[in-house]
Q: 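Before I ask anything, here is the structure I am working with.
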2 protein chains.
Amino acid sequence: MKGKVLIIEDEEEIGELIQLFLSNEGLDSFLAVSAEQALNYLDRESFDLVVLDLNLPGMDGFEFLLDFRKHYTIPVIIVSARSSDEDVIAGLGLGADEFVTKPFKPKLLTARIRALIRRSSKYSQQQRLIFRFGDYELDYDGYLLKKKGEIVNLSTREIEVLRFLIENSGKVLSPDDIFTSVWQQEYGDISAIAVYIQRLRKKIEEDYRNPQYLKTIHGKGYIFIKDFIK
Amino acid sequence: MKGKVLIIEDEEEIGELIQLFLSNEGLDSFLAVSAEQALNYLDRESFDLVVLDLNLPGMDGFEFLLDFRKHYTIPVIIVSARSSDEDVIAGLGLGADEFVTKPFKPKLLTARIRALIRRSSKYSQQQRLIFRFGDYELDYDGYLLKKKGEIVNLSTREIEVLRFLIENSGKVLSPDDIFTSVWQQEYGDISAIAVYIQRLRKKIEEDYRNPQYLKTIHGKGYIFIKDFIK
DNA sequence: ACAGAATTTTAAAAGAAATAACAATTTGTT
DNA sequence: AACAAATTGTTATTTCTTTTAAAATTCTGT
């Protein structure tokens, strides 16, 4: 996956910060400091995703979006200081993509960007994304896990947590990372994570006390190991 | 499926709003602010569907429809503030394919547009549209579901619900979405949905307690999953 | 080996969806 | 019209999922 992201943000410092996060994730990004400049870029190059700050000088984010949507279908992540803007966007039927409230956690933003790019590039390829590990097959957007062809009964949340872990397999994810990305909330009861980790282990590990896939890194979080050596 | 939609709506803001919804769904659309302009467009370009507001200045929606139907057979969705207009249209024997009352839910409108385009593009190809999943074949027009050639006994409502789910397969549909689209009413008893989901599962799933096609997304709704992985 | 921190485990309350059984309505048949 | 059969809609109950809380265990550094 090689994503090209257009960031529209008038505060250059914040824009460059986002660029930094994205380059750490292996994503190319371009920064436009106004809606006008952004439309120019879009005219000349193709992007996979747009990160849009609503509060812009001159043509504002809403106007941009209205115009943008007439010509482009790529996903947009909206960044805004006021969470009430979300209702406005939704009311306009613009709520297709994602909404992130300032101040945001960098990891949350990059996780969503990656997920969106994957989802939309897959559609263009008309190809289903399936993760395989051991005897398992996880259908990314099918909410379905099979073991040797048999459906494993996982609840919605269980699948969502598993999906996030697998998407980031090989990386250590803190309970906080998991919470912000799966629950899509900044605050809440993080102790739920441990409960879900345990439920997943009981359902997918041979011996849930000795997990092969879903390991704990004490003090750091959890990590999903795709291929282990026997 | 690449649909081209002509919107006839004198209030430009509403027209642009509809365009917005449609572009979010990957559909091209053109806006005409009067019946006269619309006829001009139709003369020059070919469209797959027309969305018509009845209340127009100059030549009104009824007159337009009367004239339009002499020349074109493409489907029409009528948008109107007065639900009594539906009777008038029907009384005139005018072939409107769908009727939507203002204010409408964006999702409802786009779902109907998508369904109509799919159904009618098949006519132009003189080809029956059949949706296949697993051993099943769903014939859209015939209200027929076959499993390995054998007809599966589904009631009308059951087929309608299934069809709606399949038309939007891969998307999560809330009970409310299903209700508004299938029952074509804004308000009513939504608990019926769960009952129909269950009836469908019993008829099409191998193990209705572990569905592979018709999945529940807890807290969100239901999703129809086409097959994956062999 | 100990204290404190982090994680796992268990349990139970709250919320959502599935189920079964029934009543009302529609449809077809004689 | 009267009846039977099938479909549709409604409701109460059960089951499952999610969330929350707290106790038990394990881990880490000293």
Side-chain angles (χ1 to χ4, degrees), chain A residues 143-145 151-165 172-205 207-224, chain B residues 143-145 151-165 172-205 207-224:
Chain A
Y143 289 83
L144 206 57
L145 179 72
I151 294 174
V152 181
N153 199 317
L154 294 185
S155 80
T156 308
R157 268 279 192 269
E158 284 162 4
I159 285 258
E160 284 172 349
V161 172
L162 178 61
R163 198 160 75 170
F164 182 67
L165 288 160
V172 181
L173 302 164
S174 71
D176 206 68
D177 291 338
I178 300 171
F179 187 81
T180 19
S181 292
V182 176
W183 272 254
Q184 312 240 116
Q185 304 168 195
E186 288 279 322
Y187 305 103
D189 189 357
I190 275 165
S191 64
I193 308 303
V195 177
Y196 276 95
I197 294 292
Q198 194 210 6
R199 285 185 189 147
L200 280 170
R201 281 182 180 150
K202 282 186 176 163
K203 290 189 178 181
I204 69 175
E205 298 283 1
D207 171 9
Y208 82 99
R209 284 157 192 283
N210 265 47
Q212 304 175 99
Y213 298 113
L214 232 170
K215 299 226 177 221
T216 300
I217 310 296
H218 194 103
K220 295 278 188 305
Y222 303 93
I223 186 171
F224 189 91
Chain B
Y143 279 82
L144 267 186
L145 180 72
I151 292 172
V152 181
N153 201 313
L154 294 184
S155 79
T156 311
R157 266 280 193 270
E158 284 163 3
I159 280 265
E160 283 173 348
V161 172
L162 179 62
R163 204 160 72 167
F164 182 66
L165 287 160
V172 180
L173 303 165
S174 71
D176 207 69
D177 290 339
I178 299 171
F179 187 81
T180 16
S181 292
V182 176
W183 273 256
Q184 315 238 116
Q185 303 167 197
E186 286 281 322
Y187 305 104
D189 189 359
I190 274 162
S191 62
I193 308 303
V195 177
Y196 275 94
I197 293 292
Q198 196 212 2
R199 285 179 186 155
L200 281 169
R201 280 183 182 150
K202 283 187 175 163
K203 291 187 178 182
I204 69 174
E205 297 283 1
D207 171 7
Y208 78 98
R209 282 158 193 280
N210 269 46
Q212 55 174 319
Y213 298 115
L214 232 170
K215 304 218 74 180
T216 300
I217 309 300
H218 195 103
K220 299 250 165 27
Y222 302 93
I223 185 173
F224 188 92

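Every chain is numbered from 1, with letters handed out A, B, ... down the list of sequences.
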Q: Could you tabulate the donor-acceptor pairs under 3.5 Å formed by side-chain atoms of residues 188-199 of chain A, not counting sequence neighbours?
A:
{"from": "A:D189", "atom 1": "OD1", "to": "A:S191", "atom 2": "N", "distance (Å)": "3.0"}
{"from": "A:D189", "atom 1": "OD1", "to": "A:S191", "atom 2": "OG", "distance (Å)": "2.7"}
{"from": "A:D189", "atom 1": "OD2", "to": "A:S191", "atom 2": "OG", "distance (Å)": "3.1"}

Q: Restricting to side chain to side chain donor-acceptor pair (under 3.5 Å), what partner residues turn up for B:E160, sequence neighbours left out?
A: B:R157
Q: Find the distance B:K202:NZ to D:dT8:P and express it as a whole number of Å.
A: 16 Å
Q: Any chance you could list the contact pattern along nucleotides 11-26 of chain D? Use B for base contacts, S for sugar-phosphate-only contacts and - for none, protein heavy atoms under 4.0 Å, 5' to 3'.
A: B-----SBBBB-----
Q: If the condition is ring-ring contact (aromatic ring centres under 6.0 Å, His included), which residues does B:F164 pass it with, not counting sequence neighbours?
A: none
Q: Whole Å only: how far is the NZ atom of A:K220 from the P atom of D:dC27?
A: 16 Å
Q: Which residues pass the side-chain contact (heavy atoms from CB on, under 4.5 Å) test with B:N153, sequence neighbours left out?
A: none
Q: What is the separation between atom CG on B:L200 and atom P on D:dT7, rounded to the nearest whole Å?
A: 13 Å
Q: Provide, to the nearest angstrom, the distance between the CD1 atom belonging to B:I159 and the C1' atom belonging to D:dT7.
A: 14 Å
Q: So, using side chain to side chain donor-acceptor pair (under 3.5 Å) as the criterion, who are the partners of A:K203 when residues are at least two apart?
A: A:E158
Q: Mapping A:G221 and B:Y208 onto DNA chain C by nearest heavy atom, which one lands closer to the 5' end?
A: A:G221
Q: Between A:N210 (CG) and C:dT9 (P), how many Å, whole number?
A: 11 Å
Q: Listed by chain and number, what are the side chain to side chain donor-acceptor pair (under 3.5 Å) partners of B:Y213, not counting sequence neighbours?
A: B:D227
Q: Take the protein atom CD1 of A:I197 and the nucleotide atom C1' of C:dT7, then report the distance between them rounded to whole Å.
A: 11 Å
Q: Let me know the distance between OH of B:Y222 and C1' of C:dA16, rounded to the nearest Å.
A: 9 Å
Q: Once side chain to side chain donor-acceptor pair (under 3.5 Å) is applied, do any residues pair with B:R201, and if so which ones, sequence neighbours excluded?
A: B:T216
Q: How long is the line joining CD of A:E205 and P of C:dT8, in whole Å?
A: 12 Å
Q: Starting from the first five and the last five pairs of the helix from C:dA1-D:dT30 to C:dT30-D:dA1, work out the angle between the resulting helix axes, to 10 degrees.
A: 40°
Q: Do you know which two heavy atoms are closest between A:G221 and A:P175, and how far apart they sit?
A: CA-CD, 4.1 Å
Q: Within the distance-only criterion (no hydrogens, no angle test), does the side chain of B:Q212 pair as donor or acceptor with the backbone N or O of B:E205 below 3.5 angstrom?
A: no
Q: Distance check: side-chain N/O of B:Q198 vs OP1/OP2 of C:dT19, anything under 4.0 Å?
A: yes
